[in-house]
Amino acid sequence: VDFGPDESDESWAAFAPKDLEVADERALAGGRKMSKEERQRIKDKEQLEEARESIRKRGWTEGEVKWRSWLARRGRDVMVNDWNLYQYIDGECIPPSRDPFWLNANEKPLPDYDAGNDLPDEVGPDEVTNILSERIRPKHGQARARKLKKLWHDVDAPYLLERGFGRIGEGYYWRQTVGMVYLEVKVPEGTSARELRVTMQPNHLTVALGAEPPLFDEDLHMKIYVGSNADNDCSIWELQDKRVVVFHLVKWHRMAAGNVRDASRTWWRRCITSEPEFTHDNPHSDYYGLKDK
C-alpha cells in the first residue's frame, strides 16, 4: 500500500488546516459577538477539515468511505455529506480493499467447520446456559432409531389358512373381509414412493421399482373395483415403513354394490391365480362377521 510522501514533504502544505483564530478575530470585529449559527458554522468547518485530513492520511477512496458509513450504521440507509462525514470516519476500521483477511482469503485455506471436531483448529457449538450458568438441555431428547420388526411377525398364518381368510406367500401376504381384500407386497427396504411404479387393473396388479423388472406381477382371482380419486369406494395403495406396499382392494362383488344376493358369493378362494385355492367349499361362519378395517 502506497501511503504517499513523508509528513515532512512540502506537498502536504496545501492540505494543512487553516488557523481558526483569524476567523475568530474577523467574527469579533467591531465588538460584535458571534451568533450561535456562526459558531456552529465554524465548528462544522473545523470538523469537516479534520475529516478530510483523516481521509487523506488513511488514503481512503470514496467507495471505502461509503462502506465505512454503511458499517457504522449497521447497514441502515444514511445520507453522507460534507457536514456529517466526520461522524463515520472515527475508529480503526479497515476497508475491505485493504483488509489482509480479504486480500489473503484465497491463499490461506479456512477450516471446515461443518466437518465436526476432528481438527485442532475446530471448535464445537457453544452450550446454551441460563443466568445461573446452568446448561439448558433440549425439551425433547434425540429421536431414537426405530428398529423395525420382521414383516408379518404378528400374523397367525395357520389360522388364516384354516378358515380361508388369507395366506402368507413368497414375498406377499393377504387377508379378506366381506367387502375388502388387503394385500401387502414386500419391496426393498428404503424404497420411496417416487421410485415405485404401481398399476392396478380390475383383474391384474403390478409393482415395479423404476425400470427394473416387476417385483409383483400377478392376475387376481376375482375382479376388483378400481374406481377413481373422486370415488370414496375406490381401491388404493400405500407404502408403509419404506419396505412394503399395501393394497386396499375393493371387491367387485359385494353386498354394498347390490350385485350379489348372498355374502358367501363375495368370498375369495384365493387372491392371485398362481396360488392354490382353499380346500373349503363354503366360507367359514366367522367370515360374515369380519369388518373392513
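All values reported here derive from a predicted model rather than from experimental measurement.
The closest donor-acceptor contact from the side chain of H248 to the backbone of Y182 lies at 3.5 Å or more, if one exists at all. Looking at T266, its side chain never comes within 3.5 Å of a backbone N or O of H253 through a donor-acceptor pair. Formation of a donor-acceptor pair under 3.5 Å by the T206 side chain with backbone atoms of D217 is not found in this model. Checking side-chain atoms of R39 against main-chain N and O of M34 turns up a donor-acceptor pair under 3.5 Å. Using modelled atom types, one side-chain atom of R269 and one backbone atom of H280 make a donor-acceptor pair closer than 3.5 Å. Under the 3.5 Å distance criterion, the side-chain polar atoms of Q176 are matched with a main-chain donor or acceptor of G164.
Annotation: side-chain contact (heavy atoms from CB on, under 4.5 Å) contacts of I168 (sequence neighbours excluded): W152, V155, A157, Y173. For V187, the side-chain contact (heavy atoms from CB on, under 4.5 Å) partners are T191, L196, V207, L215, L239, V245, not counting sequence neighbours.
Counting only residues at least two apart or in different chains, salt bridge (charged side-chain N to carboxylate O under 4.0 Å, His left out) contacts with residues 272-290 comprise R163-D286, R167-E275, R270-E277.
Looking at every heavy atom in both residues, C234 comes nearest to S228 through SG-O, 3.1 Å. Across R254 and D233, no two heavy atoms sit closer than the pair NH2-CB, 4.4 Å. The two residues Y288 and P283 come nearest to each other via the heavy atoms OH-CG, 3.4 Å. Of all non-hydrogen atoms in K291 and T177, the two that sit nearest each other are O-CG2, 3.0 Å.
Cluster membership for W237 and L220, using ILVMFWY side-chain heavy atoms within less than 4.5 angstrom, is shared. Hydrophobic clustering places F278 together with V178 (ILVMFWY residues linked when any side-chain heavy atoms are closer than 4.5 Å, directly or through intermediates). L205 and W268 fall within the same hydrophobic cluster, where Ile, Leu, Val, Met, Phe, Trp and Tyr residues are linked whenever their side-chain heavy atoms come under 4.5 Å apart, directly or through other members. Both V244 and F247 belong to a single network of hydrophobic side chains, linked directly or stepwise wherever heavy atoms of I, L, V, M, F, W or Y lie under 4.5 Å apart. With hydrophobic clusters built from ILVMFWY side chains whose heavy atoms lie under 4.5 angstrom apart, V226 does not share a cluster with W252.
Shown here is R243, whose CZ atom has more than 12 heavy atoms of other residues, nucleotides or ligands within 6.0 Å. Around the CD atom of Q240, the shell of radius 6.0 Å holds more than 12 heavy atoms that belong to other residues, nucleotides or ligands.
In this model, no donor atom of one side chain and acceptor atom of the other lie less than 3.5 Å apart for H284 and E162.
Put simply, OG1 on T273 and CE on M222 are 13.5 Å apart, with the number rounded to the nearest 0.5 Å.
With F165 as the aromatic partner, R175 does not meet the cation-pi criteria of under 6.0 angstrom to the ring centre and within 45 degrees of the ring axis.
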